[in-house]
> 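Handing you a structure now.
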Amino acid sequence: MLNDIGTVIWKEWKELVARSTRTRSETLKTIAVAAVILGIVVWRASHIISNPGALIVPSFALIQLLAGIMADSFAGERERHTLETLLASRLSDLAILIGKIAAGVLLVWGLMLFATGLAVLASAIRPDGSPASLSLGNIVAILAIYFLLCLAMSCAAAIVSLRAPTVRQAIQTLTWSFMILFFIGVFAIARIPPQWKTTLMRVFMGENLVRTELIAAAILSGLILFLFGAARLRFQRARLILD
Amino acid sequence: MAASVIRTQTITRDFKSTRAVDALTIEVPRGIVFGFLGPNGSGKTTTIRMLLGLLEPTSGKAEVLGFDTVKKPDDIRLRCGALLEHPGLYERLSAEDNLQVYARIWNMREVERRARIKELLESFGLWDRRKDPAGTWSHGMKKKLAVARAMLHRPALLFLDEPSAGLDPVAAVGLRDELASVVRREGVTVFLTTHNLSEAEKLCSRVAVIRQGRLLAEGPPDQLRDRKGTHRVEVVGNGFSDDLVNKLQLLPAVLSATQSNGRLLLQLQNGSKAAPLIRLLVEAGAEIEEVRKEKASLEDVFLALVEEDRDAE
């Protein structure tokens, strides 16, 4: 099983690399985007390490990347007529599903890990005087929660991709879902009573941080189990072929 | 293990109100190329999907390599190779990487993987372009690569769904010849769906004809030709008057008689002999230079079966 999951991950990465380097201009574009992101990470290293809020932007950008990768996972294969051949192979349903989810998660989380590691390194080599408020433990905890977030996002996007006939439709559904969730969040925050807001800010600004992280991890784990179960139910060979 | 690699018992598949496969019962012996012939939309692809355990039959039962298609689909897919409706290639990956993906899926070891990929790409004449992305290849080359991929793990049974569909005649003949030679060398059983009847005639030692999901006939092509087909006789010479042609048409052994430019074409009933007719022609004063007797082609048989079925509706 692990071997099969590894094979699916290898295949997904191989395709992703081939897609990003299909032509010389696409290769240059990929390198340019990576260079800009890494440049910003190195330039703002101390700020990123001393301020967890600064991680929101790169993490959100990477989540968008993950959504794009996962939108393509099933809908793209269906569109390119490669899904049926894959389904006619010896791979089990679970190996295909887990492999595809893991391919996206490991790539995006790996990039986040790399960016954070680079920021820590750059801040140590070139300290600009700002106080380092995040301990190594906190950074590990943030990365662990980010991993769970990627996993939840990946499972949700896999469900959308399993249902969508084309990649474009999968991306549209995901974009709309993001916007709806974002506006619901903004609306909900605006409606929170002021004393609750103060308590929440205290929690996020450092008091009981470990407890907050544990609660977030528990909520995300429950969400992942639910979403993975839904994706597993949706993954039916006959349905995928006839859709 | 059973002598038949495929055995179906009245399998039926419905899609809402449409019956795609209707009580199909066939048996495919080991080690042959079995042709599954039918017009577009006759249920060929649905049958392959059911045999691979990708679709469940609405009713009936099927066994492939001794495994029930509903209860043991994983065991079937483990031992089978398939080229389905589309080549299903990763167009951005090179030909070699396309095969590498599936060689890994079939758990082949590194050394075995490399040797097998080289062997197959060379057999199909694709080795020199192995580094090119599959998307840049011609349709015919893609089909060959897809067949090579299906044969990678030396399956016991190979499903080929319209392998020559969409190919020009030269590419289709090339694919057919290379396929025939590889299949012969590897001794694999092939379940081939096609509506290219000359391809079926050259490759298959047994065929089944279906229309609208129903089995119309099944057996070796020769037997089908004898059972269903008519014989054609072409007589070259002079003196084939209209009276003589009309007289021939009235004979019970003759289905039709036409003449043009010194050629008389006779369609005979199955089992009828040409000699008495030639004698009659000579006695009526015709000068005969040449007589050619042809058996009905598989295409004639196929068209006759489809026509008969259409008339029966």
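The sequence lines fix the lettering, A, B, ..., with proteins before strands; numbering per chain opens at 1.
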> Counting only heavy atoms from other residues, nucleotides and ligands, does the tally under 6.0 Å from CZ of R214(B) exceed 12?
yes
> Would you mind checking which part of F159(B) comes under 4.5 Å of any heavy atom in chain A, side chain (CB onward), backbone (N, CA, C, O), both or neither?
neither
> Which region of T7(A), side chain (C-beta onward) or backbone (N, CA, C, O), has a non-hydrogen atom less than 4.5 Å from a non-hydrogen atom of chain B, or is it both or neither?
side chain
> With a 4.5 angstrom heavy-atom cut-off, is it the side chain or the backbone of L89(B) that approaches chain A, or both, or neither?
backbone
> Has R90(A) got a side-chain atom pairing as donor or acceptor with I105(B)'s backbone, closer than 3.5 angstrom?
yes
> Apply side-chain contact (heavy atoms from CB on, under 4.5 Å) to the pair H86(B) and T85(A), showing each step before the final yes or no.
CA-CA 8 Å; H86(B) 300 281; T85(A) 305; over 6 Å; no
> Which atom pair, heavy atoms only, marks the closest approach of S89(A) to Y102(B)?
CB-CE2, 4.1 Å
> Is Q236(A) in contact with chain B via its backbone, its side chain, both, or neither, using a 4.5 Å heavy-atom distance?
neither
> Taking L86(A), L240(A), N3(A) one by one, which has the highest count of heavy-atom pairs under 4.5 Å against chain B?
L86(A)
> Can E56(B) and R237(A) be said to form a side-chain contact (heavy atoms from CB on, under 4.5 Å), step by step?
CA-CA 10 Å; E56(B) 283 190 17; R237(A) 288 184 195 236; over 6 Å; no
> What part of L242(A) gets within 4.5 angstrom of chain B, counting heavy atoms only: side chain, backbone, both, or neither?
side chain
> When only pairs under 4.5 Å are counted, which of L52(B), D74(B), L83(B), L93(B) shares the most heavy-atom pairs with chain A?
L93(B)
> Among H81(A), E15(A), E77(A), R239(A), single out the residue with the greatest number of heavy-atom pairs under 4.5 Å to chain B.
H81(A)
> Please find the pair of heavy atoms, one from L55(B) and one from A238(A), that lie closest to each other, and give the distance.
CD2-CB, 3.7 Å
> Between D97(B) and K14(A), does a side-chain contact (heavy atoms from CB on, under 4.5 Å) hold up when you go through it step by step?
CA-CA 9 Å; D97(B) 280 342; K14(A) 194 101 187 157; 3.0 Å; yes
> Nearest 0.5 Å, please: how far is CG in L91(A) from CZ in R104(B)?
13.0 Å
> Mind checking the CG-CD spacing from L54(B) to E84(A)? Nearest 0.5 Å is all I need.
6.5 Å
> Does F226(A) CZ have over 12 foreign heavy atoms under 6.0 Å away?
no
> For P87(B), is it the side chain, the backbone, both, or neither that has a heavy atom closer than 4.5 Å to a heavy atom of chain A?
backbone
> Around atom CZ of R234(A), are there more than 12 heavy atoms of other residues, nucleotides or ligands at under 6.0 Å?
yes
> So which residue, I241(A), D4(A), V8(A), ends up with the most heavy-atom pairs under 4.5 Å with chain B?
I241(A)
> Do we see a donor-acceptor contact under 3.5 Å between the side chains of Y90(B) and K11(A)?
yes
